[in-house]
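What follows is a set of notes on a single structure, which appears directly below.
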Amino acid sequence: MNKEDRKIVLELKDIHKSFGKNHVLKGFNLKLYEGENLVIMGKSGSGKSVMVKSIVGLIQPDSGSITIKDHDIITMGQEELDFLRTEIGFLFQGSALYDSMTVRENLEFPLRRHKDKVKNFEGTEKSVTQALESVGLLHAIDLMPAELSGGMMRRVALARALILKPEIIMYDEPTAGLDPITSNEIIQLMRTIQKEYNTSSLIITHDVDCARVISNRIILLVDGINYAEGTYDELSTSSDPQTRAFFKN
Amino acid sequence: MSKENSILKRSKSFFAEIGEMAYFAGRFFKEVFRKPFEFKELIRQCYNVGIRSLFLVVVTGFIIGLVFTLQSRPTLEEFGAVSWMPSMISVSIIREIGPVIIALICAGRIGSGIGAELGSMKVTEQIDAMEVSGTNPFKYLVVTRILAVTLMLPLLVIIGDAVALIGSAMVENLKGGVSYTLYFNMAFSSLSFSDIIPATVKTVLFGFAIGLVGTYKGYNCAKGTVGVGEASNSAVVYSSMLLFIIDFIAVFVSDIFF
């Protein structure tokens, strides 16, 4: 199917964001299509995390529009935003598991806030076990986050992001701080989940291998703007030296 | 010139922080009456604040009673006023010393704990994760903790006051041969509602202040481990200062009405 024929699930138009005198985003644009894996690459401090946090309403952009499934999130009220957030899964860089809760409670937490959504699913217990099975960690259900390894924490965080069966998943540096073998396991898991749950994914990463394996399309974010856009093959063989520099291992 | 600028800048940020804290308190009152109510988390926090502080409060209260009586005895003996001891001790502990010292102890234990816990949740993005999952972290983390401290501190102070009086009675019994019955009869006969009610109302305000400052500092913690340390430390410093300000206002107001 042609890219233009597919449904846009997320769109950012002319996003600007400054912190004091530091102008981080200077008119960034993005379109995420249904079922697509879009990778955002850029140097540290280029505004990737600011951009992804703007999408979920954690940071308010100074100007521009963010549309998720035809809803403008900048103008919507808190309750509407909270409901829309159930359509978005978010994997944080440091996993962000609630350390005073067990793995089970971590997964139940979003469910008990959105009881109406649970009714549509199989119930809390089944949703939790199903999400943990998807990431291969059912045996860790009663462990505390402190008892998990880095890779296991990332997988539990992924299960938590999946628990409300979102249509869009955002990954903020999903392989950061992990060894190459565990990184590869996480990447494969992301691919499996994308197929199993039919999600659209926005992935922020520095990891070239991750981008190569998982991306349908890549956007390079440089100095707060879209610097280059294309497939992995197109960008990694680009004639522009700055673009090529991102893909050197 | 640069010194003046620095003072101006500090004053600005001080008043800005007071404004932000007032806004934070306003948000608490807005959220506290809104559904859903987090009863389970409130009970858990009441346990954390109340039961876990009990030992410290009991030990502190006992030592206050003991030391206060031991220190006052020689002076009262000089004036031949030892028989006033139970009345003096009960009035001063119930009205002032008990609430203030136990609140200060709790500001250290509870305020710093809340500041550090919420601060570390903030820097590890756990609060963001709650928000992104479409839940209200303010209601779950802040409202429950402020309520728990507000509810538990008066109870802790009542227990601390009672233990302080027991400590004082023990000294009087050992040193002056005063029976426990006589001591408590004299101690309670000199107390009136105008002593107990303002002191109890004051502890509710103390609890609110400790909860508010601890949660505010933790919830707005700066990034990094340094930020967590600062949140914890400033939660204790600010809430201790606030306790004395509230105490002054409460004594001033109760002096007018009682």
Side-chain angles (χ1 to χ4, degrees), chain A residues 19 49 52-59 68 73 76 78-101 105-117 145-146 153 156-166 168-173, chain B residues 9 12-13 16 26-27 30-31 34-49 52 113-145 148 215 218-225 227-228:
Chain A
F19 295 96
S49 293
V52 80
K53 284 181 179 173
S54 301
I55 295 172
V56 289
L58 290 174
I59 292 175
I68 299 174
I73 71 139
M76 70 172 46
Q78 188 61 45
E79 272 184 34
E80 268 182 296
L81 180 62
D82 282 345
F83 186 77
L84 191 65
R85 279 167 169 167
T86 63
E87 305 287 339
I88 307 164
F90 197 113
L91 181 74
F92 285 85
Q93 194 173 344
S95 301
L97 295 179
Y98 313 133
D99 46 21
S100 61
M101 300 181 196
E105 288 164 343
N106 262 278
L107 269 70
E108 280 174 354
F109 190 81
L111 283 176
R112 63 192 187 94
R113 311 278 133 205
H114 298 284
K115 291 195 172 90
D116 48 334
K117 271 220 154 195
M153 282 169 93
V156 172
L158 190 49
R160 189 180 62 185
L162 289 170
I163 197 82
L164 290 168
K165 303 210 164 124
I168 305 165
I169 300 190
M170 306 207 188
Y171 300 89
D172 189 2
E173 303 280 5
Chain B
K9 211 175 168 184
K12 260 186 181 176
S13 77
R27 196 175 164 195
K30 197 174 136 192
E31 299 277 2
R34 265 197 193 163
K35 283 186 178 177
F37 302 115
E38 302 283 356
F39 286 118
K40 205 176 157 189
E41 182 60 12
L42 177 63
I43 303 276
R44 201 173 75 87
Q45 290 306 324
C46 284
Y47 175 81
N48 276 343
V49 169
R52 292 199 172 163
I114 292 174
E117 187 188 9
L118 294 194
S120 66
M121 285 184 82
K122 177 83 176 176
V123 299
T124 54
E125 295 181 311
Q126 291 176 52
I127 294 177
D128 285 348
M130 282 186 180
E131 200 158 345
V132 165
S133 66
T135 61
N136 185 345
F138 191 92
K139 204 164 178 59
Y140 185 78
L141 300 170
V142 175
V143 172
T144 53
R145 279 164 177 78
T215 50
Y219 205 75
N220 296 295
C221 168
K223 289 226 163 175
T225 45
V228 178

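Proteins get letters first, then strands, A, B, ... in listed order; numbering begins at 1 in each.
Within a 6.0 Å radius of OH in B:Tyr47, no more than 12 heavy atoms belonging to other residues, nucleotides or ligands are found. With a 6.0 Å radius and a threshold of 12 heavy atoms from other residues, nucleotides or ligands, A:Glu79 has its CD atom at or below the threshold.
Residues B:Asp128 and A:Phe90 are not in side-chain contact: their nearest non-hydrogen atoms beyond the backbone lie 4.5 Å or more apart.
Here the closest heavy-atom approach between residue B:Arg44 and residue A:Ser100 is recorded as NH2-OG, 4.2 Å. Scanning both residues, A:Asp82 and B:Thr135, for their nearest heavy atoms gives OD1-O, 4.5 Å. Nearest approach of B:Ser133 to A:Tyr98, heavy atoms of both residues: OG-OH, 4.1 Å.
Taking CD of B:Glu125 as the reference point, atom OG of A:Ser49 lies at 7.5 Å (rounded to 0.5 Å).
For the pair B:Gln126 (side chain) and A:Asp99 (backbone), a donor-acceptor distance under 3.5 Å is present.
At a 4.5 Å heavy-atom cutoff, the contact between A:Leu97 and chain B is made by backbone atoms alone.
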